[in-house]
Colleague: 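Below is a structure I'd like to ask you about.
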Amino acid sequence: MTTTVLEPTTLDAAPAVIRNRVAATRIPLTRIVAVELRKMFDTRAGFWLMASIVIASVLATAALIAFAPDESLTFENFSTAIGAPMTVILPMIGILAVTSEWSQRSGLTTFTLIPNRSRVLGAKFIAALIVGIVAMLIALVVGTLGTLAGSLITGLDPVWNVTVTEFALIVLGSVLGMLFGFMLGVVIRNSPGAIVSYFVYTLVLPPLLGVLAVHQQWFADLQPWVDYGYAQIPLFGGVMTSEHWQQLAVSGTIWFLIPLAVGLALIRRSEVK
Amino acid sequence: MITVESLTKTYGGFTAVNDVSFTAATGRVTGFLGPNGAGKSTTLRILVGLTPATTGTATIDGRRFTELPNPGREIGVLLDASAQHAGRTGREILTVAQRTMGLPKSRVQEVLDLVSLTDEEAGRRVRNYSLGMRQRLGLATALLGDPHVLILDEPANGLDPAGIRWMRDLLRGYADRGGTVLLSSHLLHEIEVIADDLVVIGNGRIVAQGSKAELLASAGTVVRAKDRSALVSAMESAGYAHIVDPDGSVHTDATTEQVGSLALAARIALTELRHADGAGLEEMFLELTADTQREGVAA
């Protein structure tokens with residue numbers, strides 16, 4: 001028989017006298033961002049979601065090399081192939097960064113350690129932004145390696161047909177998609193709900209609006225100004241006129257900024273259960 | 001010291017917490033008691049800023065929880081041991097909290113040892129934890145920042161008897177060293193053993209509060225005399241309400257001192273003079289919350 005000794009261990013690690021101690025410094029935002037970044041990777045689901053960025057990039061590149069005709073192995077095609085899975089994965093990361101606090105109820109601890117909810121969400125926003133940009137840099141590296149590998153295999157000269165500006169616009173487009181996911185997370189605060197909403201927005205809404213635009217001239221004129229997804233298309237085309245930027249700003253205000261502001265205001269007042 | 005003043009929380013037409021005021025003093029364990037749905041958890045959640053109060057204030061050493069620059073370093077909170085990301089390991093949950101609070105890394109192992117979670121258990125994901133292990137992990141999170149106030153909602157839930165004894169000793173030692181503990185529970189025996197002060201809530205209202213000794217002390221005196229009729233007539237003339245028990249003792253609301261003086265003056269030899277037995281916490285609890293009980297068993 002073994003006996004569990006319970007008493008002695010309890011007091012050793014604690015100080016002899018407990019005094020009121022006022023924590024002097026506010027938790028710096030950089031620390032909250034670092035913690036939020038860690039929280040994106042430290043579960044199995046989170047880890048594989050992050051790993052899938054690299055895996056999807058490599059698979060897309062390999063598929064292009066394996067199946068596309070030799071003359072198609074250009075940097076642009078690699079970018080497009082890698083970009084497609086990114087537009088799905090990045091918004092999921094944005095959504096889950098926010099909703100897991102509610103769906104997994106870890107917000108109970110998070111918001112008692114940092115009662116200022118705006119700071120927590122601000123840190124999550126920055127963390128999501130960092131992940132989005134790093135993901136695009138990974139895509140850039142994989143795309144570059146793919147282009148070089150393609151040229152080695154085919155014996156043709158590598159084709160670098162994407163300018164820095166074009167790449168920057170693609171990065172912006174992908175990050176906007178991710179932040180849209182973040183916004184849905186803030187507004188809906190429920191993982192399945194936000195994910196379904198994202199797919200309704202990206203897969204169901206565009207064809208409906210397209211049909212409307214075909215039959216109603218007034219909407220066809222209006223669409224670039226009120227359809228956020230439509231306004232983002234030129235980003236991936238590499239050419240943004242000043243009118244395109246204005247359309248992006250107007251539709252982005254309607255679909256992204258206003259809902260985000262409303263969602264943040266609600267979170268600040270809501271109960272965390 | 002925790003000070004709750006005129007706290008009210010309404011949801012639409014339903015009042016969950018109704019004008020609740022109490023304090024939890026430094027160096028003491030304050031037990032927060034009430035039947036299910038009485039408003040205990042809501043009050044605690046308001047205290048730590050997770051739920052906004054409709055009216056009233058809740059402060060800790062004069063400050064609202066949400067004003068604290070780094071609350072984890074001052075106040076340890078455990079509201080729901082199951083409210084954790086199921087996919088994180090126990091150690092990872094503590095590490096996230098340790099980093100948020102800006103504590104040295106070694107602190108994680110210290111609290112794991114403190115709550116007796118082994119390395120193997122700490123490396124397991126929380127979805128595979130028993131309720132008792134979650135409770136230990138939650139307590140570890142609360143103790144991580146070496147706080148001087150602990151706010152715990154049903155901390156004994158799911159602990160085995162040894163675990164309950166361990167937690168009781170931990171909290172007792174913590175209060176004796178100057179910490180403030182506010183814990184809610186419906187496990188009356190636990191509260192009776194550990195608490196110095198009691199706050200009893202029913203239907204969102206405070207129905208009783210005070211030190212445990214005060215609340216459990218019964219009113220009245222039990223007295224016996226060889227010449228019972230002389231005692232009874234003396235008490236009647238003195239105007240002390242009394243009941244003669246079937247066993248021959250006399251029960252009165254007067255204090256032992258009053259009865260003793262009366263007997264001396266009337267030259268009656270007493271064979272027994274003592275305080276009436278204190279009612280148990282359970283009787284007190286059921287009596288105080290009688291009209292708020294679902295079962296209606298009390299009274």
Side-chain angles (χ1 to χ4, degrees), chain A residues 3-28 30-32 34-39 41-48 96 100-117 120 123 268-273, chain B residues 26-27 45 48-52 61 63-75 77 79-80 82-89 92-93 95-97 99-102 110-111 113-116 125 138 141 143 145-149 162-163 165-166 169-170 173-175 177-180:
Chain A
T3 327
T4 317
V5 180
L6 295 155
E7 278 86 346
T9 54
T10 58
L11 303 177
D12 287 350
V17 176
I18 295 161
R19 287 191 191 86
N20 287 17
R21 171 168 37 74
V22 177
T25 50
R26 197 161 119 108
I27 302 173
T30 48
R31 201 199 286 162
I32 308 177
V35 168
E36 289 303 331
L37 273 172
R38 184 184 178 106
K39 282 158 72 176
F41 289 87
D42 70 357
T43 61
R44 225 173 257 164
F47 174 80
W48 285 108
L96 293 175
S100 67
E101 299 282 5
W102 277 268
S103 287
Q104 294 281 346
R105 301 186 63 218
S106 51
L108 232 64
T109 308
T110 306
F111 295 119
T112 41
L113 291 179
I114 310 165
N116 188 333
R117 299 179 196 169
V120 174
R268 289 188 62 166
R269 268 176 246 165
S270 72
E271 256 188 297
V272 181
K273 291 231 174 185
Chain B
T26 306
R45 276 217 314 277
V48 301
L50 288 178
T51 295
D61 298 325
R63 289 168 305 159
R64 282 168 194 270
F65 187 92
T66 49
E67 289 166 4
L68 303 174
N70 192 348
R73 301 290 294 271
E74 299 184 57
I75 294 149
V77 180
L79 292 185
D80 184 345
S82 297
Q84 283 300 349
H85 197 300
R88 291 200 180 103
T89 65
E92 178 59 25
I93 282 170
T95 305
V96 165
R99 295 206 167 199
T100 307
M101 292 184 224
E110 280 172 30
V111 289
D113 294 341
L114 189 66
V115 302
S116 316
R125 289 175 201 280
T141 314
L143 292 167
D146 191 19
H148 59 84
V149 176
R165 159 70 72 83
W166 160 81
D169 292 344
L170 180 94
Y174 182 85
R177 283 176 291 119
T180 307

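Just so it is clear: chains get the letters A, B, ... in the order the sequence lines come, proteins before strands, and each one is counted from 1.
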Colleague: Counting heavy-atom pairs under 4.5 Å to chain B, which of Asp42(A), Thr110(A), Ile32(A) comes out on top?
Modeller: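 Option with the greatest count: Asp42(A).
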Colleague: Which one of Asp80(B), Thr141(B), Thr89(B) has the most heavy-atom pairs closer than 4.5 Å to chain A?
Modeller: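 Top count of heavy-atom pairs under 4.5 Å with chain A: Asp80(B).
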Colleague: Under 4.0 Å between a side-chain nitrogen and a carboxylate oxygen: does that hold for Glu101(A) and Arg117(A)?
Modeller: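 The answer is no: the pair does not qualify as a salt bridge.
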Colleague: Go through Ile75(B), Leu79(B), Thr51(B) and name the one with the most non-hydrogen pairs under 4.5 angstrom from chain A.
Modeller: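 The answer is Thr51(B).
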Colleague: Among Gly102(B), Ser82(B), Ala175(B), Gly27(B), which residue forms the greatest number of heavy-atom pairs with chain A at distances under 4.5 Å?
Modeller: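 Among the listed options, the one with the most contacts to chain A is Gly102(B).
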Colleague: At a 4.5 Å cut-off on heavy atoms, which part of Arg44(A) comes close to chain B: side chain, backbone, both, or neither?
Modeller: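 The answer is both parts of Arg44(A).
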Colleague: Let me know if Thr95(B) has heavy atoms under 4.5 Å from chain A in its side chain, its backbone, both or neither.
Modeller: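 Looking at Thr95(B), just its side chain touches chain A.
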Colleague: For Ala97(B), which atoms come within 4.5 Å of any heavy atom of chain A: side chain, backbone, both, or neither?
Modeller: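 Both backbone and side chain of Ala97(B) come within 4.5 Å of chain A.
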Colleague: Report the option among Thr66(B), Val115(B), Leu143(B) that has the most heavy-atom pairs separated by less than 4.5 Å from atoms of chain A.
Modeller: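 Of the options given, most contacts go to Thr66(B).
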Colleague: Could you tell me whether the side chains of Lys39(A) and Ser106(A) share a donor-acceptor contact shorter than 3.5 Å?
Modeller: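 No donor-acceptor contact under 3.5 Å links the two side chains.
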Colleague: Checking heavy atoms, do the side chain of Arg45(B), its backbone, both or neither come under 4.5 Å from chain A?
Modeller: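 Side chain of Arg45(B) only, per the 4.5 Å heavy-atom cut-off to chain A.
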Colleague: Please check if the side chain of Arg177(B) supplies one atom and the backbone of Gly173(B) the other of a donor-acceptor pair under 3.5 Å.
Modeller: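 Side chain of Arg177(B) to backbone of Gly173(B): a pair is present.
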Colleague: Less than 4.5 Å to any heavy atom of chain B: does that hold for the side chain of Thr109(A), its backbone, both, or neither?
Modeller: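 Side chain only.
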Colleague: Please name the pair of heavy atoms, one in Val149(B) and one in Tyr174(B), separated by the smallest distance, quoted to 0.1 Å.
Modeller: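 Where Val149(B) meets Tyr174(B) most closely, the heavy atoms are N-OH, 3.3 Å.
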Colleague: Can a donor-acceptor pair be found, under 3.5 Å and without considering hydrogens, that links the side chain of Arg125(B) to the backbone of Gly87(B)?
Modeller: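 Side chain of Arg125(B) to backbone of Gly87(B), a donor-acceptor pair under 3.5 Å: yes, one is there.
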Colleague: Is there side-chain contact between Arg269(A) and Pro52(B), with at least one heavy-atom pair below 4.5 Å?
Modeller: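 Side-chain contact under 4.5 Å: no.
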Colleague: Please state whether the side chain, the backbone, both or neither of Thr100(B) comes within less than 4.5 Å of a heavy atom of chain A.
Modeller: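 Both the backbone and the side chain of Thr100(B) come within 4.5 Å of chain A.
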Colleague: Got a donor-acceptor contact below 3.5 angstrom from the Asn70(B) side chain to the Met101(B) backbone?
Modeller: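 Flag set: sc Asn70(B) to bb Met101(B) pair under 3.5 Å.
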Colleague: Has Gln104(A) got a side-chain atom pairing as donor or acceptor with Ala86(B)'s backbone, closer than 3.5 angstrom?
Modeller: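 It does hold such a pair.
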